[in-house]
Amino acid sequence: MKQNTFTAIDFETAQGYRWSICQVGLVRVVDGKIIDKLSILVQPPGNYYWDKFIDIHGITPEMTANAPTFDLIWEQMEPYITNQNVVAHNGIRFDFHCLKQTLEYYGMMPPEFTGHDTYNIYGINLASLCWTYKIPLNHHDALSDAMACAELFGRYLKGNEL
């Protein structure tokens with residue numbers, strides 16, 4: 001598996017539970033070039049949200065009322081994750097747990113992958129890194145966060161880390 005081939009992911013959740021994914025952002029990078037991007041609204045279990053999470057990302061129950069549940073989109077995501085390099089900002093503490101717990105919630109086996117965490121690499125929050133490197137960011141939009149993470153990991157692989 002080439003290191004400059006990876007998938008950057010980001011999840012937004014509807015509640016404080018990791019299995020309450022309401023948006024998926026995924027960016028596939030092959031040989032250092034973005035070849036695919038996914039931004040998918042997901043109906044969390046019961047389409048139930050905590051108000052403070054709506055305040056963070058702006059996703060509401062009305063926006064996901066007709067969206068697919070995670071188990072219905074997993075087939076679309078799975079090839080980008082299983083046996084791949086997967087990178088997320090704060091992935092060790094958040095995104096990798098979201099994936100595992102959501103799949104378990106739906107009775108599905110979590111895949112094997114090699115996880116990389118740009119927060120652990122840089123030690124700085126995503127917004128500050130994007131400001132420093134002038135990377136566009138619409139923070140807490142899952143695709144924007146995944147795009148920023150992909151850019152940061154690419155810089156790291158090229159030796160341009162802080």
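Counting from 1, the numbers follow the sequence of the chain as shown.
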Exercise for the section: Using distance alone, with no hydrogens and no angle criterion, decide if Asp10 and Gln23 have a side-chain donor and acceptor under 3.5 Å apart. Expected result: no
Practice task
Measure the CG-CD1 distance between Asp51 and Ile56 for me, rounded to the nearest 0.5 Å.
Solution key: 11.5 Å
Handout entry: Non-hydrogen side-chain atoms of His139 and Asp145 separated by less than 4.5 Å
Key = yes
Handout entry: Over 12 non-hydrogen atoms of neighbours within 6.0 angstrom of CG in Asp55
Key = yes
Exercise for the section: Taking Thr5 for its side chain and Asp31 for its backbone only, find out whether a donor-acceptor pair lies under 3.5 Å. Expected result: yes
Handout entry: Atom of Ala127, atom of Asn125 and distance for their closest heavy-atom approach
Key = N-OD1, 3.1 Å
Problem - Check: Tyr119 main-chain N/O paired with Asn90 side-chain donor or acceptor under 3.5 Å - result: no
Practice task
Report yes if the side chains of Leu26 and Thr7 come closer than 4.5 Å at any heavy-atom pair, otherwise no.
Solution key: yes
Exercise for the section: Compare all side-chain heavy atoms of Pro45 with those of Tyr106 and state whether any distance is below 4.5 angstrom. Expected result: yes
Problem - Student check: side-chain heavy atoms of Trp19 and Phe70 closer than 4.5 Å - result: no
Handout entry: Atom CH2 of Trp131 with >12 non-hydrogen neighbours under 6.0 angstrom
Key = no
Handout entry: Least distance between heavy atoms, Arg28 atom then Gln84 atom
Key = NH2-OE1, 2.7 Å
Exercise for the section: Evaluate the side-chain proximity of Thr114 to Phe6: yes if any heavy-atom separation is below 4.5 Å, no if none is. Expected result: no
Practice task
Answer yes or no: is there a side-chain heavy-atom contact under 4.5 Å between Val42 and Thr64?
Solution key: no
Practice task
Might you point out which heavy atoms bring Tyr48 and Gln15 nearest each other, and give the distance in Å?
Solution key: O-NE2, 2.9 Å
Handout entry: Leu157 versus Asn4, closest heavy-atom pair with distance
Key = CD1-CA, 3.8 Å
Handout entry: Partner of Phe113 under side-chain contact (heavy atoms from CB on, under 4.5 Å), chosen from Asn83, Leu99, Ile9
Key = Leu99
Practice task
Give a yes or no on whether Phe94 atom CZ has more than 12 heavy-atom contacts from other residues, nucleotides or ligands under 6.0 Å away.
Solution key: yes
Handout entry: Check: Ile121 and Phe153 side chains under 4.5 Å, non-hydrogen atoms
Key = yes
Handout entry: Atom pair OG1 (Thr69) and OH (Tyr105), whose distance is rounded to the nearest 0.5 Å
Key = 9.5 Å
Exercise for the section: Provide the closest heavy-atom pair for Ala14 versus Pro44 in the form atom of the first, atom of the second, distance. Expected result: CB-CG, 3.6 Å
Exercise for the section: Ignoring hydrogens and angles, tell me if any N or O in the side chain of Asp117 forms a donor-acceptor pair with the backbone of His89 under 3.5 Å. Expected result: no
Handout entry: Residue pair Thr102 / Trp74, side-chain heavy-atom distance below 4.5 Å
Key = no
Completion exercise
Heavy-atom nearest pair, Glu151 first then Ile135, reads CG-CD1, 3.4 Å
